[in-house]
Asker: 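Before I ask anything, here is the structure I am working with.
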Amino acid sequence: SISLGIDYKTVPVNLLEGAHRKPDYLKINPQGFVPTLVIDGRILTQSLAIIEYLAEARPECGLLPPDIVDRQKVRALAYAVAMDIHPICNMHVVSHIATMTEKADAREDWMKHFIANGLRKLEAMIGDGDDTFSFGDAPTMADLCLVPQVYNARRWGVDMTDFKRIDDIDGRCAELPAFQAAHPDRAAENSLPAATH
Ligand SMILES: N[C@@H](CCC(=O)N[C@@H](CS)C(=O)NCC(=O)O)C(=O)O
């Protein structure tokens, strides 16, 4: 099952207040990004490297499937979000773009364009199969990337009608307690107002 059964404590880092760029936070995450995971006596950064660490340290969680070809597929789906969509839609990138144009809606236009574009490609990669999740019948690292990206897409008002498979998978993840516990709206102090991030 997706739940690793590990008790955890969430420590919110307020990006809008720039808490991620404060010296204390930079000591644990020199890039000044969230997330950071403190586990097994170590400080881990880079979300995919963190997930792959958990997958390797606790293979029974199924974050990555056992077969290497299947693992490659799951990684490809995860990287399509985390390496292709996410970096160009990151807060510090989009804030910079907003300084380079007079267009009042540049930020919204950028976000909607690149999220929709990336999700269209992800939808094609997932394909028409009847897998319950992005890959197979249990959640994997691919779903851990898909769900927050869909949340962000909705926040920016991206039309999801063309992304039927993605929308269905997101809905199935939303039924699982582990995803519910991680939902950003669960921690009010952690949630960002719409269209500022
Ligand atoms: N590749 C990094 C990216 C982390 C990242 O950029 N996180 C965003 C929040 S989703 C962030 O901290 N943004 C702050 C900023 O852009 O200044 C990872 O996967 O950990």
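Keep in mind it's a predicted model, so treat the numbers as computed, not measured. These values consider heavy atoms only, across backbone and side chains, with no hydrogens, waters or symmetry-generated copies. Each ligand, and each atom within it, is numbered from 1 in the order the structure gives.
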Asker: Looking at K73 and D131, is any side-chain nitrogen of the basic one under 4.0 Å from a carboxylate oxygen of the acidic one?
Answerer: no
Asker: Counting from 1, what ligand 1 atoms have a heavy atom of H20 closer than 4.0 Å?
Answerer: 14 (C), 15 (C), 17 (O)
Asker: Should D170 and V147 count as side-chain neighbours, where that means a heavy-atom distance under 4.5 Å?
Answerer: yes
Asker: Nearest 0.5 Å please: distance from the CD atom of Q46 over to the CD1 atom of I51.
Answerer: 11.0 Å
Asker: Looking at side-chain heavy atoms only, is the closest gap between M111 and R155 below 4.5 Å?
Answerer: no
Asker: Is the shortest heavy-atom distance from the side chain of I50 to the side chain of I39 under 4.5 Å?
Answerer: no
Asker: Determine the interplanar angle of the F33 and H92 rings, folded into 0 to 90°, and report it as parallel if under 30°, tilted if 30 to 60°, perpendicular if over 60°.
Answerer: tilted
Asker: Looking at M91, which atoms of ligand 1 are within less than 4.0 Å of one of its heavy atoms?
Answerer: 15 (C), 16 (O)
Asker: For ligand 1, is any non-hydrogen atom under 4.0 Å from Q31's backbone (N, CA, C, O), its side chain (CB onward), both, or neither?
Answerer: neither
Asker: Quick one: does R21 get an N or O within less than 3.5 Å of an N or O on ligand 1?
Answerer: no
Asker: Considering only heavy atoms of P35, which atoms of ligand 1 have at least one such atom less than 4.0 Å away?
Answerer: 20 (O)
Asker: Within ligand 1, which atoms have a heavy atom of N90 less than 4.0 Å away?
Answerer: 5 (C), 6 (O), 8 (C), 11 (C), 13 (N), 16 (O)
Asker: Less than 4.0 Å is my threshold; does some heavy atom of A49 fall inside it relative to ligand 1?
Answerer: no
Asker: Report, in ascending order of atom number, the atoms of ligand 1 lying under 4.0 Å from any heavy atom of S47.
Answerer: 18 (C), 19 (O), 20 (O)
Asker: Taking atom CG of D128 as the centre, report whether more than 12 heavy atoms of other residues, nucleotides or ligands fall under 6.0 Å from it.
Answerer: no
Asker: Any N or O on V34 sitting closer than 3.5 Å to an N or O of ligand 1?
Answerer: yes
Asker: As a check for students: among H86, Q46, H92, identify the option with a heavy atom nearest to atom 1 (N) of ligand 1.
Answerer: Q46
